[in-house]
Amino acid sequence: MNSYKVTTLNDFIILKQKDFPFAKGELSSLLHHIGTAAKMVNKKISKAGLVDIIGLSGDVNIQGESQQKLDVYADEVFIGALLSSGECCGIATEENQNEIVFSDPLAENGKYVVCIDPLDGSSNIDYNVSVGTIFSIYRRITPRGEKVKNEDFLQEGSKQVAAGYIIYGSSTMLVYSTGFGVNGFTLDPSIGEFCLSHPDIKSPEDGHIYSVNEGNYLQLPQGVKSYLKYCQEEDEVSGRPYTSRYIGSLVSDFHRNLLKGGVFLYPGNVNMPEGKLRLVYECNPIAFIAMQAGGAASDGVRNILDIQPLSLHQRSPFYAGSKNMVSKIESFLVSDQPES
Ligand code: AHG
Ligand code: MN
Ligand code: MN
């Protein structure tokens with residue numbers, strides 16, 4: 001008989017609670033609610049081609065980008081789930097100009113704040129291409145009893161208590177870390193549970209994949225142009241030329257490189273000096289996962305997790321993935337700096 005022995009996400013969260021000797025289960029409850037919201041969003045995404053949910057909602061988000069209906073839906077679902085968890089006192093999302101401070105009596109004294117990109121890669125939705133959700137959890141700074149403030153959400157990435165992402169792909173996966181390695185769970189649609197499928201993910205230190213929007217090539221910094229040339233040059237010893245893979249969904253591009261070995265690049269360019277990706281919602285949580293898996297994440301000079309965010313929607317150049325590939329990019333950026 002084929003016995004199907006599974007560890008569900010909720011089993012795993014409870015098992016891991018012992019990593020926190022004084023934990024009261026608040027973080028566990030929060031993660032559990034994120035898992036539930038992910039299942040709701042997954043259900044809607046899997047029907048995107050069938051129902052009148054695809055297409056532009058007509059709104060423009062605060063970044064000046066057109067918002068898809070699913071962006072709005074995912075935003076509402078995650079806000080609702082985190083509010084009802086009772087463990088989260090406020091949330092900052094890519095879709096809202098300012099942080100949302102919960103005033104519900106149960107939630108307002110929650111220990112954690114969450115920063116989230118509810119739907120990442122949403123321009124891909126109309127074309128049945130993988131999208132994701134990215135989240136970050138911090139301990140509140142403002143004492144309980146007071147309302148959380150902007151600074152609670154502007155903590156350095158190194159202060160993250162947990163972070164992760166959901167990838168709505170050919171399978172739906174939830175990957176997260178609480179600072180003790182990275183674990184991945186695949187949604188089994190037949191039982192509606194995320195099941196441990198990728199325990200203790202370790203990213204290869206080297207890789208052969210680079211992921212960048214090469215349409216921006218002419219606007220890229222000289223150091224990045226030189227690095228891309230290096231990737232394309234033939235060298236048997238280091239296995240070059242490397243392979244280029246770019247989906248245009250950070251979660252999907254990063255996830256593939258995390259498992260196979262590779263590097264994701266979104267540099268600053270002439271038109272967007274800080275690049276496109278948001279430090280708080282995208283770079284920090286992905287960097288946390290990269291490092292917990294033995295990889296690296298940099299803005300070209302600094303470890304992403306060391307950057308003090310100054311505003312919620314701040315952007316940052318971003319290089320993340322296999323450790324040695326990120327170092328190599330940094331060395332190209334340093335050596336191609338014009339002399340001052
Ligand atoms: P979002 O849908 O949350 O705005 O994020 C889209 C991001 C990210 O997922 C991806 O890596 C990047 O945009 C792709 O940008 P380009 O189309 O400029 O390559
Ligand atoms: Mn995004
Ligand atoms: Mn988004």
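Atoms within a ligand are numbered from 1 in the order they appear, just like the ligands themselves. Nothing fancy with the numbering, it's 1 onward along the sequence.
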Report task. Take Asn150 and Glu99 through the side chain to side chain donor-acceptor pair (under 3.5 Å) test and state the conclusion after the steps. Result -> CA-CA 7 Å; Asn150 190 242; Glu99 64 276 7; 3.1 Å; yes

Tell me: protein heavy atom nearest [atom], and distance?
{"atom": "atom 9 (O) of ligand 1", "result": "Asp120 OD1, 2.7 Å"}
{"atom": "atom 12 (C) of ligand 1", "result": "Lys276 NZ, 3.9 Å"}
{"atom": "atom 14 (C) of ligand 1", "result": "Tyr246 OH, 3.3 Å"}
{"atom": "atom 18 (O) of ligand 1", "result": "Tyr266 OH, 2.6 Å"}
{"atom": "atom 10 (C) of ligand 1", "result": "Gly248 O, 3.4 Å"}

Any side-chain donor paired with an acceptor under 3.5 Å for [X] and [Y]?
{"X": "Tyr168", "Y": "Ser46", "answer": "no"}
{"X": "Asn324", "Y": "Ser327", "answer": "no"}
{"X": "Ser136", "Y": "Asn284", "answer": "no"}
{"X": "Ser316", "Y": "Arg278", "answer": "no"}

Query raised in the report: So which of the N, O or S atoms of Glu282 lies nearest the Mn ion (ligand 2)?
Result: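 Atom name returned: OE2.
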
Query raised in the report: Are Tyr230 and Phe332 an aromatic pair by the rule of ring centers under 6.0 Å?
Result: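 Centroid distance Tyr230-Phe332: below 6.0 Å, so yes.
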
Should the proximity of [X] to ligand 1, defined as any heavy atom under 4.0 Å, be assigned to the side chain, the backbone, both, or neither?
{"X": "Arg278", "value": "side chain"}
{"X": "Phe254", "value": "neither"}
{"X": "Asp253", "value": "neither"}

Report task. Kindly say whether Thr186 contributes a backbone atom to a donor-acceptor pair with the side chain of Ser197 at under 3.5 angstrom? Result ->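 Yes, Ser197 side chain to Thr186 backbone: donor-acceptor pair under 3.5 Å.
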
For [X], the ligand 1 atoms whose distance to one of its heavy atoms is below 4.0 Å:
{"X": "Phe264", "value": "11 (O)"}
{"X": "Asp117", "value": "3 (O)"}
{"X": "Glu282", "value": "3 (O), 5 (O)"}
{"X": "Asn213", "value": "16 (P), 18 (O), 19 (O)"}

Check ion pair [X]-[Y] (N to O, under 4.0 angstrom):
{"X": "Glu87", "Y": "Lys111", "answer": "no"}
{"X": "Lys149", "Y": "Asp152", "answer": "no"}
{"X": "Glu26", "Y": "Arg144", "answer": "yes"}
{"X": "Glu108", "Y": "Lys147", "answer": "yes"}
{"X": "Asp200", "Y": "Lys202", "answer": "yes"}

Is the closest N or O pair between [X] and ligand 1 shorter than 3.5 Å?
{"X": "Leu250", "answer": "yes"}
{"X": "Ser249", "answer": "no"}
{"X": "Ser122", "answer": "yes"}
{"X": "Ser123", "answer": "no"}
{"X": "Gly121", "answer": "yes"}

**Report entry** Ring-face cation of Lys16 near Phe180 (centre distance under 6.0 Å, axis angle within 45°)
**Finding:**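 No cation-pi geometry.
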
Report task. Run the contact test for Leu119 against ligand 1 with a 4.0 Å cut-off on heavy atoms, strictly below, and give the result. Result ->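 Yes, that is the case, since the closest heavy atom of the residue is under 4.0 Å from the ligand.
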
Requested in this report: Please name the pair of heavy atoms, one in Tyr73 and one in Met40, separated by the smallest distance, quoted to 0.1 Å.
Outcome: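 So the two residues come closest at OH-O, 3.9 Å.
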
Requested in this report: Check the angle between the aromatic planes of Tyr176 and Phe12 and answer parallel, tilted or perpendicular using the 30° and 60° thresholds.
Outcome: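 Geometry flag for Phe12 against Tyr176: perpendicular rings.
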
Query - Residue and atom names of protein N/O/S atoms that fall under 2.8 Å from the Mn ion (ligand 3) - result: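 Less than 2.8 Å away from the Mn ion (ligand 3) sit Glu94 OE1, Asp117 OD1, Leu119 O.
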
